[in-house]
*Asks:* 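My questions all concern the structure below.
The chains referred to below are lettered A, B, ... by the order of the sequence lines, with proteins before strands, and numbering in each begins at 1.
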Protein chains: 2
Amino acid sequence: MGGEGGGAGGGQAGAGRHVPGSLTHRVPDLGALELLLAVARLGSLGGAARELGITQPAASSRVRSMERQLGVALVDRSPRGSRLTDAGALVTDWARRIVEAAEAFDAGAQALRDRRDSRLRVAASMTIAEYLLPGWLVALRTQLPDTAVSLLAGNSTAVAERLLTDEADLGFVEGVSVPAGLDSVVIGHDRLVVVAAPGHPWARRRRPLAAAELASTPLILREKGSGTRQVLDAALGGLARPLIELSSTTAVKAAAVGGAGPSVLSELAVGEELTTRRLVSVPVADVALARDLRAVWPTGHRPTGPARRLLSLTQG
Amino acid sequence: MGGEGGGAGGGQAGAGRHVPGSLTHRVPDLGALELLLAVARLGSLGGAARELGITQPAASSRVRSMERQLGVALVDRSPRGSRLTDAGALVTDWARRIVEAAEAFDAGAQALRDRRDSRLRVAASMTIAEYLLPGWLVALRTQLPDTAVSLLAGNSTAVAERLLTDEADLGFVEGVSVPAGLDSVVIGHDRLVVVAAPGHPWARRRRPLAAAELASTPLILREKGSGTRQVLDAALGGLARPLIELSSTTAVKAAAVGGAGPSVLSELAVGEELTTRRLVSVPVADVALARDLRAVWPTGHRPTGPARRLLSLTQG
DNA sequence: CCTGCTCATAACCCCAGCTTATGTCCTCAT
DNA sequence: ATGAGGACATAAGCTGGGGTTATGAGCAGG
């Protein structure tokens, strides 16, 4: 059952150097990955080729060069079809994650492009636009393939304004207060979580952390003024002590994962890291770090049509 | 501020069609995305070009064509640098997820290629190899850039055998029993979770589900014989009733997200869907769905060197 | 034994993306 | 002012990966 590989010619013995030569040279492009997924699903190179609208030789050669690039045999060709190797199955699963991320990217980008004149105009806060909306859009697309969605990202006030001036059909905001003139429904919660690398002492902690303790410990934080920083400061009473201040959520995450220290981040931003245990969430006692995520619309104008459909996708 | 775009020429009015034309034509390739991240980080096209080892005109044209492709202005060029547009910032965040998935892919693929003659040979069960290992390898690479890691995926018995015949330095298995002749340490838990689409009645449920109730409800399941199916059957006493049987975890997830019905899946497989609320976890009362994830090694041969380093990355 | 499915190989074509060389615009220091 | 320097844009020309058509070769089943 091993992740078998073999095949794929001899060539360079030895180890895998960490060549700086960017990913592009070591990871097949999206087209190839999609092709691989299609082969996995259909069990045939030719079939996959047909599905992607290319010819069979093209598919054949593409898969072959992918195998050469990776140095691993991915599919077992036989005169009556192709099945994935064990290694191929693994690779395909990893590939699927790339493709899913690409689909989310595509859905988001498309919404960003089609501004006015779309059949569904959504206005959303940054956090929601960043982490949640692409997934919803991918789902919506399976239900309403022909609905053009446009996305406008901004803060709560901007979202409210767009709705009230009828420049958007549906809005999403985070925070406790609902802007005036809008009806809303809670669709989820954004919780700030205290996180640490698995090696950090706090990671083993079972007794919840007290607010005072959190406030007195230097943390890896976003710069002052950022949304999450504001919430944290408010929850602690303006006391958060920075260990380092970084200007992007990603940089903060990277520092925390690297063990530089504990941090406080939106659950949405670290969900992945938590389930794969690159970061561990630390229980907290008496600090209010939860915010509601709400869908909003102008009072009275209950969402209908595509807006209603999107709304139903987001609700529990 | 709004996800501003504008710029990028006039051209086709109209909506966003859901052209089947594969992702490749709508999502920039990895090279372009890396370039965008570099521009975001460095604040300059030329700087980014230098970092990626290409020339400034190449970077300039690449970014431009990316903007043309997406129909959104991504960077604000000025004679003293380039900053991201608001829309650009959003796009960059989505791009980052693709690139991270690609890095995991790369780390995994590299480990799959470098079989013997590597300085660290890891044997892992499928689930761990699929969901956890790539992340660990990415992290390990930052600590030990020159260590070649090889990965062999199989079931517990295969992992044990590799370790005992000195074909692997460190193993990872899931399950309750530790194969004979191996020492182990628990590094995490894999819990099967009952999941449903947000619209499903169970999604709103607060009272935990009883085992009997779960056993009597038709579920979307992997085919009989799969790992997760076995665990579930065992926990329920061989009683799980299938609504549909599908042959891949992905297919099951897709069906569940689509609202076909509730399902039971590994927490690792649905972590992402849970945090973005495409799926909701249903509380369960009296069913034992947790398995330990363990690192294992031959009794006595405590991991040292790179193996120890990897182990420490995985521990809480 | 032929029909029909699979995959492989060969010869050719095209365009995306690279390079080098040069131009424009702005800023800052002399 | 004026010239040096940084950052981006434009213009040529080259190259290779990925596509196409055309054809061959294994294996299954009527």
Side-chain angles (χ1 to χ4, degrees), chain A residues 7-9 20-71 73-85 88 95, chain B residues 7-9 20-71 73-85 88 95:
Chain A
S22 66
L23 285 178
T24 314
H25 302 118
R26 294 187 317 226
V27 178
D29 61 68
L30 283 172
L33 299 179
E34 281 189 289
L35 175 60
L36 181 61
L37 296 189
V39 172
R41 183 153 29 82
L42 301 174
S44 133
L45 290 182
R50 232 167 293 129
E51 177 169 281
L52 299 194
I54 62 178
T55 59
Q56 173 268 317
S60 178
S61 115
R62 199 108 195 246
V63 170
R64 184 167 295 286
S65 73
M66 186 165 24
E67 289 177 314
R68 194 157 21 84
Q69 181 180 27
L70 298 179
L74 299 174
V75 304
D76 260 339
R77 289 107 167 134
S78 90
R80 75 180 189 296
S82 298
R83 284 222 72 57
L84 288 181
T85 303
Chain B
S22 68
L23 285 178
T24 314
H25 302 119
R26 296 186 319 225
V27 176
D29 61 69
L30 283 170
L33 298 180
E34 281 189 288
L35 175 60
L36 180 62
L37 296 189
V39 171
R41 183 155 29 82
L42 301 174
S44 134
L45 291 182
R50 232 167 294 129
E51 178 170 282
L52 300 194
I54 62 179
T55 59
Q56 173 268 317
S60 178
S61 115
R62 200 108 195 249
V63 170
R64 184 168 295 288
S65 72
M66 187 165 23
E67 289 177 315
R68 192 158 23 83
Q69 181 180 28
L70 299 178
L74 299 174
V75 304
D76 260 339
R77 290 105 166 136
S78 89
R80 73 178 190 297
S82 298
R83 282 222 73 55
L84 288 181
T85 303

*Asks:* For nucleotides 2-6 of chain C, tabulate all protein N/O to nucleotide N/O atom pairs closer than 3.5 Å, reporting atom names and distance.
*Replies:*
unit_1 : atom_1 : unit_2 : atom_2 : d
C:dT6  : OP2    : A:R50  : NH2    : 3.4
C:dT6  : O4'    : A:P79  : O      : 3.3

*Asks:* Can you run down the salt bridge (charged side-chain N to carboxylate O under 4.0 Å, His left out) pairs that involve residues 75-84 of chain B, sequence neighbours left out, and say none if there aren't any?
*Replies:* B:E67-B:R77
*Asks:* In whole angstroms, how far is the C1' atom of C:dA16 from the CD atom of B:E67?
*Replies:* 17 Å
*Asks:* According to side chain to side chain contact (heavy atoms under 4.5 Å, CB included), who are the partners of B:S60, at least two apart in sequence or on a separate chain?
*Replies:* B:L45, B:Q56
*Asks:* In this structure, how many angstroms lie between the P atom of C:dC18 and the CE atom of B:M66, rounded?
*Replies:* 11 Å
*Asks:* Residues two or more places apart in sequence or in another chain: which of them pass side chain to side chain contact (heavy atoms under 4.5 Å, CB included) with B:S61?
*Replies:* none
*Asks:* Which salt bridge (charged side-chain N to carboxylate O under 4.0 Å, His left out) pairs, counting each pair once, include a residue from residues 31-50 of chain B, with sequence neighbours left out?
*Replies:* B:R41-B:E51
*Asks:* Run the side chain to side chain contact (heavy atoms under 4.5 Å, CB included) test against A:A32 and tell me which residues pass, sequence neighbours left out.
*Replies:* A:P28, A:D29, A:R62, A:M66
*Asks:* Could you state the atom-to-atom distance from CG of B:L52 to P of C:dG17 in whole Å?
*Replies:* 14 Å
*Asks:* For B:D76 and D:dA9, give me the distance from atom CG to atom C1', rounded to whole Å.
*Replies:* 16 Å
*Asks:* List for me each residue that meets side chain to side chain contact (heavy atoms under 4.5 Å, CB included) alongside A:T55, sequence neighbours excluded, and say none if there are none.
*Replies:* A:P57, A:A58
*Asks:* Looking only at heavy atoms, which two atoms of B:V63 and B:L35 are closest? And how far apart?
*Replies:* CG2-CD2, 3.7 Å
*Asks:* Which letter, B, S or -, goes with each nucleotide of nucleotides 10-24 of chain D from 5' to 3', with contact meaning a protein heavy atom under 4.0 Å?
*Replies:* B-------SSBBB--
*Asks:* Quickly work out the B:R83 CZ to D:dC8 C1' distance and round it to whole Å.
*Replies:* 16 Å
*Asks:* What pair of heavy atoms forms the shortest contact from B:V75 to B:T85, and how long is it?
*Replies:* N-OG1, 3.6 Å
